Enquirer: 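Following this message is one structure expressed as structure tokens.
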Amino acid sequence: MESTGNRTRTLEQVMHIVFLATATASIISVILISVFIFMTGIPTMAEIGLGEFLLGRNWFPRHTPAQFGIFPMIISSIYVTIGAIVLGVPLGLLTAIFLARFCPKNIYRLIKPAVELMAGIPSVVYGFFGMMVIVPLIRDVFRGLGFATTGFSMLAAIILLGIMILPTIIGLSEAAIAVVPRSYYEGAVALGASHERATMSIVVPAAKSGIFASIILGIGRAIGETMAVIMVAGGQSIMPENILSGVRTMTMNIVMEMGYAAGLHRDSLIATGAVLFVFILLINIAFNLIKRKVR
Amino acid sequence: MRRKLMILLALVAALSLFLVACGGNDADATEADATDATVTEADATEGDAGEEDTDVAGGEGLTGPISVVTREDGSGTRGAFVEIVGVEDADGNDATVGTAIVGNGTDQVMTSVMGTPDAIGYISLGSLNDTVKALKIDGVDATDELIKEGSYPIARPFNVATKGEVSELAQDFLNFIMSKQGQEIVAEGYISVDDAAADYAAAEGLSGNIQVGGSTSVSPLMEKLAEEYMTLNPDVTIDIQSTGSTAGMTGAIDGVLDIGMASRELTDEEAAELEGLVIARDGIAVIVNNDNPLDDISMENVKQIFLGELINWEDVK
């Protein structure tokens, strides 16, 4: 009896340690990444000059003298992300509500796999689609309306990213709405609400936390997306004039130049990564604050 | 009832797909009507382009803003183009206009120019194909013979670079490239540098792996050379990465690559650490969309377009 007890206890302790180790592994990776990025990024920003780096509008890393201003890239990343959210969140959220509460079973069987398939399509394929379809479409439509554009523009990036974050938002929001207790809905209907009223006013707000999570993930994907955006955004490293101007986001800048950057140029790209990191942190904090206030 | 709904949805989806495709065609048609260039004129001159000196600039040419397409900063093609054409500011820095679309690699430039009717760009002459049109510079065609003569001005060397002690295998590959067989392969699409090269004799039992990387312009040539070399030496594998000239030089300096490729001269910093070897010469073709009626452009105009001083097609002479 005693020996069996010991064995079980040891096994318990061993498994305890195993689980603790795996959890620590993920925390350690995040810490290692942050340490590497900030250890290189912060001294570089100090060397270039924080104001010059973050607010400078001239990006000429291979000129003599070199200039490292990433303000156009920061602005482009912000605009493109906001645009993608404005396009993707309403579309995704309403689709999720439809799928969860209004969709007939046999149509659901068509749409749900299609959405899941969208999530699996590689970014390069999206980029290629954007370059072959969205860019010429924008060029032809807006030239016809009298605006000068090459099609490779912020708008193309926004449309493409809006489409790309749809599966993320739809998937998570639909799951969140589906797990709202049936009693909420039935209570509302019992009090006289119509199906639509009950869903929109009671069920959806109850799924707020999950919906917010899906939006954060969507923003994260939009701000971090690189391959698709590289093929449609144009790559100009100057301040965008309007939504039809070509742009270069921070992620594009890193990918386009990392292969051949050396010395201070390479370090400035790592510093750009640090700025991206900070952005994601800020977005997460902001959303956590909003969630807490709304509750 | 449900089945009818599904059929209806399917029809709506199919219909919307058709509308999108038709919408694109309609927009193209209206754009062609709106610009001054008549489509029939363009078709006629395209047919004549190969045969005679049709001076198409002037009233019959393309109008509207020029969409400039350039390469990424570390591109050897860009470096060579900027230096030869003179797209530089007073300090000798690259002064390509800020609104130029940046294509990553030869293929992206070609795709951008192919899909944008008023685009202009530049690519390796060896990569030129039917999807885009090469312009004559000051009346001189972009062909290998005219480059060899010296009449076509925009040409640059293809360099391979190695660092320090070269492995026996890599050295043998380089010997192959500079041999008669290697230079024959070069001459097929580019300009060979040694017309009286010696024969290559494959040594017995060579095996191993060679990492080659760098210029996207040199890559197609390098792939042909590697294929032939691997046929002669079946136990050897050669991996080629197309990352851009400066990335290739950086990779060679860092020791990541055995052989780096550049489509330009080595810079002073690079030459300090690497041994360069010229394996071929290649022209840089200035390309426009196939629907652009322009055939001939002056070097001065090319410079002004890429500096951003010349903005509209109608001002091109």
Side-chain angles (χ1 to χ4, degrees), chain A residues 57-67 72 104-107 109-111 127-128 131-133 135-146 148-153 227 230-231 233-241 245-246 248 252-253 255-263 265-266, chain B residues 1-3 5-6 9-10 20-21 23-31 34-35 64-65 67-70 72-76 79 89 91-95 97-104 108 111-112 115-119 213-214 241 243-251 253-254 269 311:
Chain A
R57 300 184 178 206
N58 296 317
W59 174 258
F60 295 117
R62 284 157 54 84
H63 274 196
T64 7
Q67 288 182 285
K105 274 265 181 310
N106 33 8
I107 300 185
R109 246 181 285 140
L110 288 174
I111 300 187
F128 201 63
M131 189 158 73
M132 294 283 112
V133 176
V135 166
L137 197 64
I138 291 179
R139 180 178 59 237
D140 295 336
V141 165
F142 284 93
R143 289 256 181 101
L145 293 172
T149 177
T150 59
F152 292 96
S153 54
M227 267 333 286
I230 267 190
M231 297 170 96
Q236 285 88 330
S237 57
I238 55 176
M239 292 293 292
E241 253 175 63
S245 309
R248 190 189 290 199
M252 281 173 69
N253 199 30
V255 166
M256 285 166 75
E257 311 212 332
M258 203 45 151
Y260 55 81
H265 185 189
R266 175 179 280 181
Chain B
M1 183 55 200
R2 287 289 155 88
R3 202 184 303 164
L5 190 57
M6 277 174 60
L9 276 175
V20 167
N25 290 341
D26 281 342
D28 276 341
T30 40
E31 189 200 345
T35 57
S67 297
V68 181
V69 181
T70 183
E72 74 278 11
D73 218 351
S75 155
D89 66 11
D91 299 314
N93 287 319
D94 186 328
V97 62
T99 51
I101 301 169
V102 178
N104 278 283
Q108 274 210 16
T111 313
S112 301
T116 315
D118 55 17
Q241 303 167 18
T243 45
S245 296
T246 313
M249 297 298 101
T250 311
I253 292 177
D254 289 341
E269 296 88 31
I311 311 186

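It should be emphasised that the depicted structure is a prediction, and the values quoted were computed from it without experimental measurement. Below, read A as the first sequence line, B as the second, and so on, with proteins coming before strands; counting in each chain starts at 1.
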Enquirer: With a 4.5 angstrom heavy-atom cut-off, which part of A:Met131 approaches chain B: side chain, backbone, both or neither?
Expert: side chain
Enquirer: Taking everything shown except A:Gln67 itself, do over 12 heavy atoms lie less than 6.0 Å from its CD?
Expert: yes
Enquirer: What pair of heavy atoms forms the shortest contact from A:Gln236 to B:Ala100, and how long is it?
Expert: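 Minimum heavy-atom contact is CG-O, 3.2 Å.
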Enquirer: A:Arg143 versus B:Asp118: any side-chain heavy-atom pair under 4.5 Å?
Expert: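 Yes, close enough: below the 4.5 Å cut-off.
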Enquirer: With chain A, which of B:Ser112, B:Pro65, B:Gly213, B:Gly248 has the greatest number of heavy-atom pairs at distances under 4.5 Å?
Expert: B:Ser112
Enquirer: Which one wins on heavy-atom pair count under 4.5 Å against chain A: B:Asp254, B:Thr99, B:Thr70, B:Thr250?
Expert: B:Thr99
Enquirer: Between B:Glu72 and chain A, with a heavy-atom cut-off of 4.5 Å, which part of the residue counts as in contact: side chain, backbone, both or neither?
Expert: both
Enquirer: Pick one of side chain, backbone, both or neither for B:Asn104, based on which atoms fall under 4.5 Å of a heavy atom in chain A.
Expert: side chain
Enquirer: Taking side chain as C-beta onward, heavy atoms only, is A:Met252 less than 4.5 Å from B:Val102?
Expert: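 With C-beta onward as the side chain, the pair stays apart.
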Enquirer: What residue in B:Asn93, B:Asp89, B:Ile253 has the most heavy-atom pairs under 4.5 Å with chain A?
Expert: B:Asn93
Enquirer: Tell me, do B:Thr246 and A:Arg62 make a side-chain contact under 4.5 Å, heavy atoms counted?
Expert: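 Sidechains of A:Arg62 and B:Thr246: in contact.
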Enquirer: Quick one: are A:Met132 and B:Thr111 in side-chain contact, heavy atoms under 4.5 Å?
Expert: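 The answer is yes; the side chains approach within 4.5 Å.
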Enquirer: Is there a side-chain contact between A:His63 and B:Asp91, using heavy atoms and a 4.5 Å cut-off?
Expert: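 Side chain of A:His63 against side chain of B:Asp91, heavy atoms only: no contact under 4.5 Å found.
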Enquirer: Would you compute the distance between atom CD1 of A:Ile111 and atom CG of B:Leu9 and round it to the nearest 0.5 angstrom?
Expert: 7.5 Å
Enquirer: What residue, out of A:Phe152, A:Tyr260, A:Phe60, has the most heavy-atom pairs lying under 4.5 Å from chain B?
Expert: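 Option with the top pair count is A:Tyr260.
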